[in-house]
Amino acid sequence: MKWAIEIEDLTVAYQQQPVLWDVDAAIPTGQMTAIVGPNGAGKSTLLKAVLGIVRPAAGRIRVLGRPFRARERRVAYVPQRAELDWDFPATVFDVALMGTYGRVGWLRRPGAAERTRARAALERVGMAELADRPIGQLSGGQQQRVLLARALAQEAELYLLDEPFQGVDAPTEATLLEVLRWLKQQGKTIVVVHHDLSTVAEYFDWVILLNVQCIACGPVAEAFTPENLRRTYGGRMVVPAPTVNPA
């Protein structure tokens, strides 16, 4: 199996307090992977360690077979909406166009090809009609669509998304899922920090169960078990064994 992300002996600490401890995990290419676990489990930190945003205290991470900096342009990141300043004076189209900056550089003006990519990305997420709207006037679901459009405009190979379904309405969740499945059909790799255990088996192929340490990592049918969930969530819940949707 070919790996998009390989994590070995990863430890991350904030103020000498471990947030991730000795994590070993691997994520296959061309699949949709969920990272699940309780609040404070280190899920977002794991993504940020992969992206080089936080510095590990120990361990090694390889992205598409190389250190992240060698693969940076091939990776798109969708952060949590709360991490962004939605009062920034920009339009929906401006944000989507930002996804092209990694290729043209911040000092060069995007050309016709980049603008076409941005418009196509907005069309894909159902936001083309709002291209001229200031981002401060968007709903939470619309904000999430725009963030995904920005990532699509990057035309990456690996997409990392932090809680994209959190706090969005059902139509937006359906749209986001449709786009992610379309990316998978294009051979892309999608990694999602996810909170809804009831949809893991339906949405994803691979799962990482995380609570500071990696409790389990593998195909959903093998790793997403009641026993592993009890270990991950400290025995506070009992989840029936999921059935994997073959679609």
Side-chain angles (χ1 to χ4, degrees), residues 4-5 7 10 19-20 23 25-51 53 75-83 125 140-141 143-145 147-148 151-152 156 158-184 188-234 236-245 247:
I5 301 174
I7 300 167
L10 178 67
V19 180
L20 295 170
V23 171
I27 294 172
T29 60
Q31 302 291 306
M32 284 181 59
T33 295
I35 303 173
V36 301
N39 291 338
K43 303 183 297 294
S44 297
T45 299
L46 183 63
L47 287 193
K48 290 176 180 178
V50 170
L51 292 161
I53 297 172
V75 181
Y77 173 49
V78 178
Q80 293 185 21
R81 298 196 314 274
E83 295 184 13
V125 301
Q143 291 173 352
Q144 196 65 63
R145 291 175 189 238
L147 290 178
L148 182 54
L152 293 179
L158 172 61
Y159 291 80
L160 307 180
L161 300 94
D162 196 350
E163 298 273 16
F165 302 121
Q166 180 71 45
V168 302
D169 57 21
T172 294
E173 180 160 342
T175 296
L176 298 178
L177 181 61
E178 180 183 0
V179 173
L180 297 181
R181 285 175 168 167
W182 173 77
L183 285 171
K184 178 187 169 185
K188 311 299 186 181
T189 302
I190 302 99
V191 182
V192 177
V193 172
H194 192 58
H195 68 282
D196 184 359
L197 298 180
S198 69
T199 58
V200 169
E202 178 185 357
Y203 290 4
F204 298 96
D205 312 295
W206 196 267
V207 65
I208 296 174
L209 292 165
L210 188 70
N211 192 347
V212 183
Q213 295 180 301
C214 180
I215 306 302
C217 176
V220 169
E222 298 175 10
F224 194 66
T225 65
E227 176 57 29
N228 284 337
L229 286 164
R230 279 191 290 269
R231 292 171 58 207
T232 303
Y233 288 87
R236 293 191 296 274
M237 61 171 58
V238 177
V239 179
T243 57
V244 179
N245 187 339

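Everything numeric in this text was worked out from a predicted model, so none of it was measured. One-based numbering along the sequence shown.
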Distance-only donor-acceptor hits, side chain of residues 28-38, under 3.5 Å, sequence neighbours excluded:
from: T29; atom 1: OG1; to: K2; atom 2: O; distance (Å): 3.4

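- By the 4.0 Å N-to-carboxylate-O rule, E227 lies close enough to R230 to be salt-bridged with it.
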Problem set entry | Candidate pair K43 and I208, rule side chain to side chain contact (heavy atoms under 4.5 Å, CB included), full reasoning | CA-CA 9 Å; K43 303 183 297 294; I208 296 174; over 6 Å; no

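- Taking each heavy atom of G218 and A223 in turn, the nearest pair found is N-CB, 3.8 Å.
- The closest donor-acceptor contact from the side chain of T225 to the backbone of N228 lies under 3.5 Å.
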For this session: Output, in order, the C-alpha distance, side-chain angles, deciding distance and verdict of side chain to side chain contact (heavy atoms under 4.5 Å, CB included) for L176 and Q144.
Result: CA-CA 8 Å; L176 298 178; Q144 196 65 63; 3.7 Å; yes

Problem set entry | L20 and V212: CA distance, side-chain angles, deciding distance, side chain to side chain contact (heavy atoms under 4.5 Å, CB included) verdict | CA-CA 4 Å; L20 295 170; V212 183; 5.6 Å; no

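- Contact between E163 and H194 at its shortest, heavy atoms only, is OE1-C, 4.2 Å.
- Rounding to the nearest 0.5 Å gives a distance of 9.0 Å between SG of C217 and CG of L209.
- To the nearest 0.5 Å, the span separating CD1 on I27 from CH2 on W206 amounts to 9.5 Å.
- No donor-acceptor pair closer than 3.5 Å links the side chain of T172 to the backbone N or O of V168.
- Across all their heavy atoms, D162 and E83 have their closest contact at OD2-OE2, 4.3 Å.
- Tested against L161, the residues V78, V191, L147, V193 include a single side chain to side chain contact (heavy atoms under 4.5 Å, CB included) partner, V78.
- V192 has its side chain within reach of P164: a pair of non-hydrogen atoms, C-beta onward, lies under 4.5 Å apart.
- Distance CG/L210 to CG/L46: 6.0 Å, rounded to 0.5 Å.
- Between F165 and H195, a ring centre-to-centre spacing not shorter than 6.0 Å is recorded.
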Problem set entry | Working for side chain to side chain donor-acceptor pair (under 3.5 Å), residues T232 and N211 | CA-CA 6 Å; T232 303; N211 192 347; over 6 Å; no

Exercise. Can I190 and F204 be said to form a side chain to side chain contact (heavy atoms under 4.5 Å, CB included), step by step?
Worked result: CA-CA 9 Å; I190 302 99; F204 298 96; 5.8 Å; no

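- Rounded to the nearest 0.5 Å, atoms OG (S44) and CD1 (I53) are 10.0 Å apart.
- Between K184 and D205, at least one side-chain nitrogen of the basic residue sits less than 4.0 Å from a carboxylate oxygen of the acidic one, meeting the salt-bridge criterion.
- Judged by distance alone, with hydrogens and angles left aside, the side-chain atoms of R81 form no donor-acceptor pair with the main-chain N or O of G141 at under 3.5 Å.
- Of the inter-residue distances, the one linking L183 atom CG with L152 atom CG reads 5.5 Å to the nearest 0.5 angstrom.
- Checked by atom type and distance alone, the side chain of W182 never pairs as donor or acceptor with a backbone atom of L177 at under 3.5 Å.
- The CD atom of E202 sits 9.5 Å away from the CG atom of D196 when rounded to the nearest 0.5 Å.
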